Amino acid sequence: QSALTQPASVSGSPGESITISCTGTSSDIGTYNLVSWYQHHPGKAPKLMIYEGSKRPSGVSNRFSGSKSGNTASLTISGLQAEDEADYYCCSYTGSSTLIFGGGTKLTVL
Amino acid sequence: QVRLVESGGGLVKAGGSLRLSCAASGFTFSDYYMTWIRQAPGKGLEWLSYISSGDSTTYYADSVRGRFTTSRDNAKNSLYLQMNSLRAEDTAVYYCATFSSSGWCFDYWGQGTLVTVSS
């Protein structure tokens, strides 16, 4: 199964909002609301930001939100801050007890 | 707090084997599903395997099924990844993480251990 499709890069200025898309198929994102998003600063441990499509773990800023439409999930970061600059990955359940990641998106805060 | 520390990475020749370990602390290890994920140089994350908490049932990605084996020792609070028939494309940083079987997501991650397979 091919990786979920994410834009290679997005950018925004401090205070702005950005959205990262994650496109799958009717066999994964389209059927299951089990998309999660991870923030990864290179050299550090990745961090869970969103699970089950739109839920935030305790301690994650409410500037981060998730949604889904059809076969595409999205992560929106509002009020961009310098520390948000990182790589972001989506991940989805595939319906056969397996999971698949997106290719990752590099967020640059200008 | 939750702490996961991977070890066992290093340089190995193609066709060789390596066993990674993940030492867990700060939570009741035996209650948690666990997983392995890797990141090849310049590439994205790739889910490899997970193991259940109770009966240690395992699931694998197609890319490693039959070559890699995930196991756990609840008495030692440890997770393992036995990697056989290694290929150059297995070169990556390997992460262990806790796995939520209800949310199908990875709650907490270790810092990773680097495996380099030379051809």
Side-chain angles (χ1 to χ4, degrees), chain A residues 1-9 20 22 24 28-29 31-60 64 66 68 73 75 86-106, chain B residues 1-6 22-27 32-52 55-66 68 70 92-114:
Chain A
Q1 186 167 2
S2 299
L4 305 174
T5 301
Q6 297 182 234
S9 63
I20 299 172
C22 170
D28 39 62
I29 292 177
T31 296
Y32 305 98
N33 199 23
L34 292 171
V35 174
S36 51
W37 290 90
Y38 303 86
Q39 178 189 65
H40 188 201
H41 289 103
K44 294 194 172 183
K47 178 183 178 183
L48 175 66
M49 306 303 285
I50 296 288
Y51 67 101
E52 292 183 31
S54 61
K55 297 179 180 179
R56 274 189 311 275
S58 174
V60 171
F64 292 82
K68 188 186 91 165
L75 172 71
D87 298 321
Y88 290 85
Y89 294 89
C90 61
C91 181
S92 177
Y93 176 62
T94 66
S96 54
S97 297
T98 59
L99 300 103
I100 190 166
F101 278 99
T105 298
K106 181 177 179 59
Chain B
Q1 72 279 20
V2 174
R3 182 171 163 82
L4 299 168
V5 180
E6 302 91 340
C22 171
S25 60
F27 65 104
Y32 279 74
Y33 282 46
M34 297 294 296
T35 192
W36 288 100
I37 294 157
R38 71 183 178 187
Q39 183 175 33
K43 302 292 186 181
L45 298 172
E46 179 186 14
W47 170 77
L48 299 179
S49 170
Y50 71 82
I51 184 168
S52 67
D55 59 4
S56 293
T57 300
T58 52
Y59 294 89
Y60 299 93
D62 290 344
S63 59
V64 302
R65 186 179 297 115
F68 290 10
T70 293
V93 174
Y94 285 73
Y95 298 96
C96 68
T98 59
F99 175 56
S100 166
S101 58
S102 56
W104 286 87
C105 61
F106 315 112
D107 308 270
Y108 301 99
W109 299 59
Q111 297 273 9
T113 187
L114 176 63

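Each chain gets a letter, A, B and so on, in the order the sequences are listed, and its residues count up from 1. Just so it is clear, the model here is predicted, and its values are computed rather than measured.
Looking only at heavy-atom pairs under 4.5 Å with chain A, the residue among B:Thr35, B:Asp107, B:Leu45 that has the most is B:Leu45. Between chain B and the residues A:Asp87, A:Leu48, A:Thr94, the most heavy-atom pairs under 4.5 angstrom are made by A:Leu48. Put simply, of A:Ile100, A:Asn33, A:Leu99, A:Leu34, the one with the most heavy-atom pairs under 4.5 Å next to chain B is A:Leu99. Between chain B and the residues A:Ala45, A:Ser36, A:Pro46, the largest count of heavy-atom pairs under 4.5 Å involves A:Pro46.
Residue A:Tyr32: no heavy atom, backbone or side chain, is found under 4.5 Å from chain B. Residue contact with chain B, scored on non-hydrogen atoms closer than 4.5 Å, is absent for A:Pro57. For a residue to count as touching a neighbouring chain, one of its non-hydrogen atoms must lie under 4.5 Å from one of that chain's; by this rule B:Ile37 touches chain A with the side chain only. Interface residue B:Tyr60: only backbone heavy atoms are found under 4.5 Å from chain A. Both the backbone and the side chain of B:Phe106 come within contact range of chain A, judged by heavy atoms closer than 4.5 Å.
Considering B:Trp104, B:Tyr32, B:Trp36, B:Trp47 as possible partners of B:Phe99, the one that fulfils the ring-ring contact (aromatic ring centres under 6.0 Å, His included) test is B:Trp104.
Note: B:Phe68 and B:Tyr94 have tilted aromatic rings, judged against thresholds of 30 and 60 degrees for the angle between ring planes.
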Note to self: Quick one, A:Cys91 with B:Cys105, criterion disulfide (SG to SG under 2.5 Å). Give me CA distance, side-chain angles, the key distance, then yes/no.
What the structure shows: CA-CA 8 Å; A:Cys91 181; B:Cys105 61; over 6 Å; no

Next item on the list: Could you go through the side-chain contact (heavy atoms from CB on, under 4.5 Å) check for B:Tyr50 and A:Ser97 one step at a time?
Entry: CA-CA 9 Å; B:Tyr50 71 82; A:Ser97 297; 3.6 Å; yes

Notebook entry, point to check: Under the side-chain contact (heavy atoms from CB on, under 4.5 Å) criterion, do A:His40 and B:Tyr95 qualify, and how do the steps go?
Noted result: CA-CA 12 Å; A:His40 188 201; B:Tyr95 298 96; 3.4 Å; yes

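More than 12 heavy atoms of other residues, nucleotides or ligands shown are found within 6.0 angstrom of CZ on B:Arg65. Around atom OH of A:Tyr93, more than 12 heavy atoms belonging to other residues, nucleotides or ligands sit under 6.0 Å away.
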